[in-house]
Asker: 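Sharing a structure with you now.
Read the numbers this way: they start at 1 and go in the same order the structure lists the ligands and their atoms. Since we're looking at a predicted model, the values are computed, not measured.
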Amino acid sequence: MHIAQRTSVFSESVIREMTRLAMLHGAMNLAQGYPDFPAPDFIKQAAIDAINADINQYAITWGSPRLRQAIAAKTKRSYGLDLDPDREITVTCGATEAMMAAMLAVVEPGDEVIVFEPFYENYVPDAAMSGAKLVFVTLHAPGFGFDPDELRRAFSSKTRAIIVNTPNNPAGKVFTRAELEQIAALCQEFDALCITDEIYEHILYDNHVHVPMATLPGMYDRTITISGLSKTFSVTGWRLGYILAPAELTNAVRKVHDFLTVGAPAPLQEAGAVAIEQGDSYYPELRAMYERKRGLLLSALRESGFSCHSPQGAYYIMAGFEGLAFKGDDVAFARHLTEKVGVAPVPGSSFYRGAEGSRFVRFTFSKSEETLAEAARRLAAGW
Ligand code: GLN
């Protein structure tokens with residue numbers, strides 16, 4: 001049986017494999033980043049209303065007018081960017097499809113695409129399927145800063161794009177304006193695009209501020225901004241993402257999106273519009289909720305001997321386990337925690353190419369306080 005070569009360079013998602021393992025062993029699933037608590041009533045009710053109103057057929061391929069309008073208004077209110085919902089916004093099946101569609105739309109096979117390491121696991125298969133050659137730039141633990149010289153060396157005439165994920169999964173880093181300016185200057189010098197993954201834009205701590213790359217001088221025209229509703233409104237299973245980009249890029253992205261998926265679920269898009277229209281009063285609540293959860297998991301992990309850098313945004317902790325004197329690598333340790341302790345993380349190596357990841361496991365705190373408390377009890381009981 002012939003299997004296409006492009007599938008051989010990546011494996012199934014380790015994150016979802018850890019979810020299956022957690023279920024098998026009755027472990028608290030701190031592996032996959034999705035909430036185990038209810039979505040807000042206002043978004044659920046809006047979805048029920050949309051189905052009852054018979055919004056049950058395909059939406060316009062690039063997104064229902066009300067949702068694109070709501071995204072445009074929110075982007076204006078939050079970041080001062082003026083977007084034309086008819087020409088510059090595309091609704092996708094989650095940020096996952098958005099990244100794939102963006103890469104397929106702009107990358108020629110053999111083009112170089114820069115990513116920071118640790119990286120979100122999807123970027124590797126996205127590169128394989130679009131033919132991109134990834135070039136890695138290290139975010140140095142524990143603070144996850146980058147070396148500007150290393151970044152400059154990564155750029156060349158072959159660079160088509162750089163992927164910037166801020167707030168960052170798994171590092172919890174929120175890129176500062178100064179860091180983004182360094183990236184922006186290189187994009188302009190080397191005529192490269194910036195593809196951003198801003199899915200955690202509203203999950204921020206300690207007065208960290210989210211700066212969209214598209215708002216930097218000279219960057220709107222060369223930035224493809226990806227975000228979505230999954231994390232902000234705790235609806236990861238609804239598959240609602242979106243892409244903001246200048247009209248020429250949007251045209252290309254929309255063609256790819258159309259033939260990949262036709263479109264995101266129509267009634268859920270209506271509910272998404274209602275949610276975004278009401279978002280401003282809800283975002284502070286979301287932040288406060290995650291700030292509490294971050295505190296609970298950080299203290300549980302630190303008390304159990306993990307070394308953790310406190311995340312500035314998103315909802316993950318990269319936890320170093322060298323202090324625990326476990327004999328084995330991150331994969332063995334993640335399995336051990338899942339099977340014997342009853343708490344499932346993701347092995348750090350899923351986010352790195354090389355050996356550096358094997359010092360870490362990643363835990364998510366996107367879980368109810370009961371789940372986090374039970375995980376803390378199990379960790380405290382010893383491993
Ligand atoms: N974004 C979530 C995470 O990083 C879920 C991703 C996934 O299912 N692969 O855990």
Asker: How far is atom 9 (N) of ligand 1 from the closest protein heavy atom, and which atom is that?
Answerer: Arg16 NH1, 2.5 Å
Asker: Heavy-atom distances under 4.0 Å are what count here, so tell me which part of Tyr200 touches ligand 1: side chain, backbone, both or neither.
Answerer: side chain
Asker: Of the backbone atoms (N, CA, C, O) and the side-chain heavy atoms from C-beta on, which set of Arg362 has a member under 4.0 Å from an atom of ligand 1: side chain, backbone, both, or neither?
Answerer: side chain
Asker: From atom 1 (N) of ligand 1, work out which of Glu17, Lys231, Gln32, Glu12 has a heavy atom at the shortest distance.
Answerer: Lys231
Asker: Atoms of ligand 1 less than 4.0 Å from Glu121 heavy atoms?
Answerer: 9 (N)
Asker: Would you say Ile15 has any N or O atom under 3.5 Å from an N or O of ligand 1, going by distance alone?
Answerer: no
Asker: Check each of Leu30, Asn169, Asn122 against atom 4 (O) of ligand 1 and report the one with the nearest heavy atom.
Answerer: Asn169
Asker: With heavy atoms of Ser13 as the reference, note each atom of ligand 1 found under 4.0 Å away.
Answerer: 9 (N)
Asker: Nearest protein heavy atom to atom 6 (C) of ligand 1, by residue and atom, and its distance?
Answerer: Tyr120 OH, 3.1 Å
Asker: Could you check, using the six-membered ring where one of them is a Trp, whether Tyr79 and His210 have ring centers closer than 6.0 angstrom?
Answerer: yes
Asker: Heavy-atom count check: over 12 atoms from other residues, nucleotides or ligands less than 6.0 Å from Asp149 CG?
Answerer: yes
Asker: Is the NZ or CZ atom of Lys231 both under 6.0 Å from the centre of the six-membered ring of Tyr34 and within 45° of that ring's axis?
Answerer: no
Asker: Tell me whether Arg377 is salt-bridged to Glu374, with the criterion being a basic N under 4.0 Å from an acidic carboxylate O.
Answerer: yes
Asker: Give me the residue, atom name and distance of the protein heavy atom closest to atom 3 (C) of ligand 1.
Answerer: Tyr316 OH, 3.2 Å
Asker: Answer yes or no: does atom CH2 of Trp238 have more than 12 heavy-atom neighbours from other residues, nucleotides or ligands under 6.0 Å?
Answerer: yes
Asker: Assigning hydrophobic clusters by single linkage (Ile, Leu, Val, Met, Phe, Trp, Tyr; side-chain heavy-atom cutoff under 4.5 Å), is Val113 placed with Phe10?
Answerer: no
Asker: Could you pull out all donor-acceptor pairs under 3.5 Å where a side-chain atom in residues 163-175 meets a protein atom, sequence neighbours excluded?
Answerer:
from	atom 1	to	atom 2	distance (Å)
Asn165	OD1	Asn169	N	3.0
Asn165	ND2	Pro167	O	3.3
Asn165	ND2	Asp197	O	2.9
Thr166	OG1	Phe175	N	2.9
Asn168	OD1	Ala171	N	2.9
Asn168	ND2	Asn165	O	3.1
Asn169	OD1	Arg362	NH1	2.7
Lys173	NZ	Phe144	O	3.1
Lys173	NZ	Glu179	OE1	3.1
Lys173	NZ	Glu179	OE2	2.8

